[in-house]
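A short write-up of the structure that comes next.
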Amino acid sequence: MDVVSGTRFGLVQLRVVPITSGLAIGSLIAGIASILVSLLVICFGFTAGGPWVGGAFTLLSVLGAGGAIAAAVLALRQIRRSGEPGRVRFTGRGLAISGIVCGGSGAGISLLALLLELVFRSS
């Protein structure tokens, strides 16, 4: 408690502990899952599974990547808007950015693998 000079009053400031954003954590998990599913595109696409199985896993990877990117953008907005006095302060900006990178990488890897598979099958 800080005493206000010249008075008998004091000033109390509450310290609110920062919380890691759940959206940021979820976006990173979805991004990593998108990368793992893109590895399934590579495994099943170039083997006996064919383009149908590779295409199904590509769709799953791209949907997971889209969810990761959307959750990360919402987390970044939540983190930026938090921190006002008396409100909960959210952290996890690095997690959200990592979710965007992992989601984009997973979608890119799976789309590239499907494209390469279709090129190799047609030639």
Side-chain angles (χ1 to χ4, degrees):
M1 181 167 101
D2 299 328
V3 178
V4 179
S5 61
T7 66
R8 51 187 187 132
F9 298 105
L11 178 65
V12 177
Q13 295 180 354
L14 296 176
R15 294 194 153 238
V16 179
V17 180
I19 299 172
T20 304
S21 173
L23 285 169
I25 295 170
S27 72
L28 181 60
I29 291 171
I32 292 172
S34 174
I35 290 175
L36 293 176
V37 172
S38 71
L39 295 177
L40 290 175
V41 173
I42 295 170
C43 291
F44 288 123
F46 289 109
T47 60
W52 287 104
V53 176
F57 280 116
T58 300
L59 179 64
L60 182 63
S61 177
V62 169
L63 288 175
I69 292 170
V73 168
L74 290 174
L76 288 173
R77 178 183 289 171
Q78 180 186 45
I79 292 166
R80 186 179 56 233
R81 289 183 178 175
S82 69
E84 296 174 4
R87 293 188 65 193
V88 175
R89 195 178 91 211
F90 289 102
T91 60
R93 185 173 186 272
L95 291 173
I97 292 172
S98 299
I100 291 173
V101 170
C102 288
S105 298
I109 291 169
S110 63
L111 290 172
L112 181 66
L114 182 66
L115 179 69
L116 288 175
E117 174 195 351
L118 291 174
V119 167
F120 286 141
R121 296 264 180 186
S122 66
S123 59

Pairwise distance CD1(Ile97) to OG(Ser27) - rounded to 0.5 angstrom: 10.0 Å
May I ask whether Phe120 and Ile42 are part of the same hydrophobic cluster, defined by side-chain heavy atoms of I, L, V, M, F, W, Y residues being less than 4.5 angstrom apart, directly or through others? yes
Can you give each donor-acceptor pair under 3.5 Å made by side-chain atoms of residues 72-82, sequence neighbours left out, with the distance rounded to 0.1 Å?
residue: Gln78; atom: OE1; partner: Ser21; partner atom: OG; Å: 2.6
residue: Ser82; atom: OG; partner: Ile79; partner atom: O; Å: 3.0
residue: Ser82; atom: OG; partner: Phe90; partner atom: N; Å: 3.1

Side-chain polar contacts of residues 49-60 - donor-acceptor pairs under 3.5 angstrom, sequence neighbours left out - could you list them?
residue: Thr58; atom: OG1; partner: Gly54; partner atom: O; Å: 2.6

Would you indicate whether the side-chain heavy atoms of Ile109 and Val41 approach each other to under 4.5 Å? no
If Ile, Leu, Val, Met, Phe, Trp and Tyr residues are connected whenever their side-chain heavy atoms lie under 4.5 Å apart, and connections chain through other members, are Ile32 and Leu39 in the same group? yes
Student check: side-chain heavy atoms of Leu116 and Leu112 closer than 4.5 Å: yes
Tell me, do Leu28 and Cys102 make a side-chain contact under 4.5 Å, heavy atoms counted? yes
Would you say Leu23 ends up clustered with Ile100 if hydrophobic residues are merged whenever their side chains have heavy atoms under 4.5 Å apart, either directly or through other cluster members? no
Taking every heavy atom of Gly103 against every heavy atom of Ile69, the minimum-distance pair comes out as C-CD1, 4.5 Å
Which residues share a side chain to side chain donor-acceptor pair (under 3.5 Å) with Ser61, sequence neighbours left out: Ser34, Ser110
Do Ile25 and Ile29 pass the side-chain contact (heavy atoms from CB on, under 4.5 Å) test, and can you show the C-alpha distance, the side-chain angles, and the key distance before you say yes or no? CA-CA 6 Å; Ile25 295 170; Ile29 291 171; 3.9 Å; yes
